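Since we're looking at a predicted model, the values are computed, not measured.
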Amino acid sequence: MKNLPEIQVPLTRIYEMSLASVQTNAMVAGVELAVFDRLGKPVRAEELAETCGFDAGTTAEYLNVLTACGLVIKKDGCYRNSPEAEQYLVTGRPTYYGDLILLEYERLAMSPKTIAERVKNGPVFQKDDGNMSSEEFWIQYARSMANWERAGTAQMLADTIASLPEFSSMRKMLDLGGGPGLMGIAVLARHPSMEAVVFDQPAVVNVTEEFIAEYGLSDRMTTIGGDYLNGPIGGGYDLVLASCTLNFARDCMDKMVKKIYDALNPGGVFVSLHDGMCDEGTAPAVHVLNMMSSALSGYNCSLRKGLIANAMLNAGFRSVRSQPVRLDVGLFDMDIARKAPRTED
């Protein structure tokens, strides 16, 4: 008689991964339907269906799925948002993440057929093709990223910068590739008088100026629209912050970091927050997964651990300190470089 196979490891993880797309699709559908806007208080499925014009039977089944996903809480036949859904999936909240979910879903949800085709035949377009080359994409992306930044990342980064011994004496900072400008806004909120410049694409800085006005910082923050890879970035800065933007400079990192070095005053500080790929390009997993569609399309812009730190040393910074930073969305690297004071030049 043939024996059953001996099991060395449980099937659990493989099975859970096979269901992961169900959770993702259920969440995305909830964002598209704005279901979470209606679940701030307990409500019965039939009430929600009547209010929204949904089918009562499938609405109840769907809400059970959202409950199984941990996005909704069900008690005594009523449904309401989980704390995470209430914070991040209700439209109108300053930390609403739904727009970014919808913007990124099509890019991230590369079908198995497409993945197989890319693996067998190679990429079908290059980095300059597709939506990412359009101004409209970057405008929409900047607006969506604002909510991600103020959902905790901007506050964490600003606290780290405020703890620098040089912080109180800083007068001018550059938020390089700053997008909506929330990182720079958070930093200025911790300083009584420092001024800031946000540098990004011309179309994006129009969005930046809206957020600057929203936070009442028009007298301390300005913008520059341009191409920081190929053009000037200004000068006279005491602090340069580059948050999740130097991936675009991966192939010219020494040149880019030297430009930043030259833009800093003596004694200035350069802070970079970025992915730091390790384990032969397989970790942190969050960055590998996030960049899969770009990588399989011929444009892998991930940064290996130590690339920026080495470029900082090559540029002439007096000291470089690197540290891991765990954000809500995964593990990042932070490199802090200091330019020598004038007396040490």
Please check if the side chain of Asp200 supplies one atom and the backbone of Val205 the other of a donor-acceptor pair under 3.5 Å.
no
Tell me whether Asn290 contacts the main-chain N or O of Val286 through its side chain, where contact means a donor paired with an acceptor under 3.5 Å.
no
Considering all heavy atoms of both residues, which atom of Gly298 and which atom of Pro123 are nearest to each other, and what is their separation?
N-CB, 3.5 Å
Heavy-atom side-chain proximity of Val187 to Met194 below 4.5 angstrom:
yes
Closest non-hydrogen atoms of Gly234 and Ala263, given as atom of the first, atom of the second and distance, are O-CB, 3.4 Å
The criterion is side-chain hydrogen bond (donor to acceptor under 3.5 Å, both in side chains); which residues satisfy it with Ser319, sequence neighbours excluded?
none
Ion pair present between Glu47 and Lys41, side-chain N to carboxylate O less than 4.0 angstrom?
no
Sorted by first residue and then second, give each side chain to side chain donor-acceptor pair (under 3.5 Å) pair with at least one member in residues 151-174; sequence neighbours left out.
Asp159-Arg190, Glu166-Arg338
Could you give me the CA-CA distance, side-chain angles and deciding distance for Glu16 and Arg13, then say whether salt bridge (charged side-chain N to carboxylate O under 4.0 Å, His left out) is met?
CA-CA 5 Å; Glu16 290 176 347; Arg13 185 164 176 273; over 6 Å; no
Test applied, side-chain contact (heavy atoms from CB on, under 4.5 Å); reference residue, Met312; option that passes from Ile308, Asn314, Asn310
Ile308
With sequence neighbours left out, what residues match Arg44 under side-chain hydrogen bond (donor to acceptor under 3.5 Å, both in side chains)?
none
Can you list every pair that meets salt bridge (Lys or Arg N to Asp or Glu O under 4.0 Å) and has a residue in residues 261-272, with sequence neighbours left out?
Lys258-Asp262
Hey, can you tell me if Tyr141 and Phe137 have their rings parallel, tilted or perpendicular (30° and 60° cut-offs)?
parallel
On a heavy-atom basis, which atom in Ala151 and which in Tyr88 lie closest, and how many Å separate them?
CB-CE2, 3.6 Å
Do Trp148 and Asp99 have side chains that approach each other closer than 4.5 Å (heavy atoms only, starting at C-beta)?
no
Could you list the residues that satisfy ring-ring contact (aromatic ring centres under 6.0 Å, His included) with Phe332, not counting sequence neighbours?
His287
Please enumerate all residues that pass side-chain hydrogen bond (donor to acceptor under 3.5 Å, both in side chains) together with Glu210, with sequence neighbours excluded.
Arg143
Hey, are Asp55 and Thr58 close enough side-chain-wise for a donor-acceptor pair under 3.5 Å?
yes
Applying side-chain contact (heavy atoms from CB on, under 4.5 Å), name anything that partners Ala213, two or more places apart in sequence or on another chain.
Ser218
Is any side-chain heavy atom of Val35 closer than 4.5 Å to one of Leu48?
yes
For Ser21, the side-chain hydrogen bond (donor to acceptor under 3.5 Å, both in side chains) test, sequence neighbours excluded, returns none
Could you list the residues that satisfy ring-ring contact (aromatic ring centres under 6.0 Å, His included) with Tyr79, not counting sequence neighbours?
none
Compare all side-chain heavy atoms of Val22 with those of Thr24 and state whether any distance is below 4.5 angstrom.
no
With ring centroids as reference points, do Phe317 and Tyr261 lie under 6.0 angstrom apart?
yes
Show me the pairs that pass side chain to side chain donor-acceptor pair (under 3.5 Å) and involve residues 222-238, at least two apart or across chains.
Glu209-Thr223, Asp227-Asn230, Tyr228-Thr245, Asp238-Asn265
Distance (rounded to the nearest 0.5 Å) between Asp219 CG and Leu217 CG
7.0 Å
For the residue pair Asp275 and Asn247, confirm or rule out a side-chain donor-acceptor distance under 3.5 Å.
yes
Between Arg150 and Tyr215, do the side chains contain a donor N or O and an acceptor N or O under 3.5 Å apart?
yes
Does a donor on one side chain sit under 3.5 Å from an acceptor on the other, for Ser322 and Asp335?
yes
Sub-3.5 Å donor-acceptor pair from the side chain of Ser82 to the main-chain atoms of Leu71, do we have one?
yes
Heavy-atom count around Asp328 CG within 6.0 Å, excluding the residue itself: above 12?
no
Tell me, do Leu303 and Arg250 make a side-chain contact under 4.5 Å, heavy atoms counted?
yes
Side-chain donor/acceptor of Ser144 to backbone N/O of Gln140, under 3.5 Å
yes
Distance (rounded to the nearest 0.5 Å) between Met292 CE and Leu296 CG
5.5 Å
For residues 61-87, which residue pairs pass the salt bridge (Lys or Arg N to Asp or Glu O under 4.0 Å) check, not counting sequence neighbours?
Glu86-Arg93
Are Phe36 and Leu66 close enough that some pair of their side-chain heavy atoms sits under 4.5 Å apart?
yes
For the pair Lys305 and Asp333, find out whether any cationic side-chain nitrogen is under 4.0 Å from an anionic carboxylate oxygen.
yes
Without hydrogens or angle criteria, can the side chains of Asn147 and Thr95 be said to hold a donor-acceptor pair below 3.5 Å?
no
What's the shortest heavy-atom distance between Phe211 and Ala146, and which atoms?
CZ-CB, 3.4 Å
Find the distance between SG (Cys52) and CG (Asp37) and round it off to the nearest 0.5 Å.
9.0 Å
Mark yes or no: Lys339 above the aromatic ring of Phe270, with NZ or CZ under 6.0 Å from the six-membered ring centre and no more than 45 degrees from the axis.
no
Mind listing the closest non-hydrogen atom pair of Phe54 and Thr59 along with its distance?
CB-OG1, 3.1 Å
Leu239 and Leu264 have their tightest heavy-atom pair at N-CD2, 3.9 Å
Using side-chain heavy atoms (C-beta onward) and a distance below 4.5 Å, is Val271 in contact with Val240?
no
One should read off an interatomic distance between Met277 CE and Glu280 CD, to the nearest 0.5 angstrom, of 12.0 Å
Are there more than 12 heavy atoms of other residues, nucleotides or ligands under 6.0 Å from atom CD of Gln323?
yes
Restricting to ring-ring contact (aromatic ring centres under 6.0 Å, His included), what partner residues turn up for Phe167, sequence neighbours left out?
His191
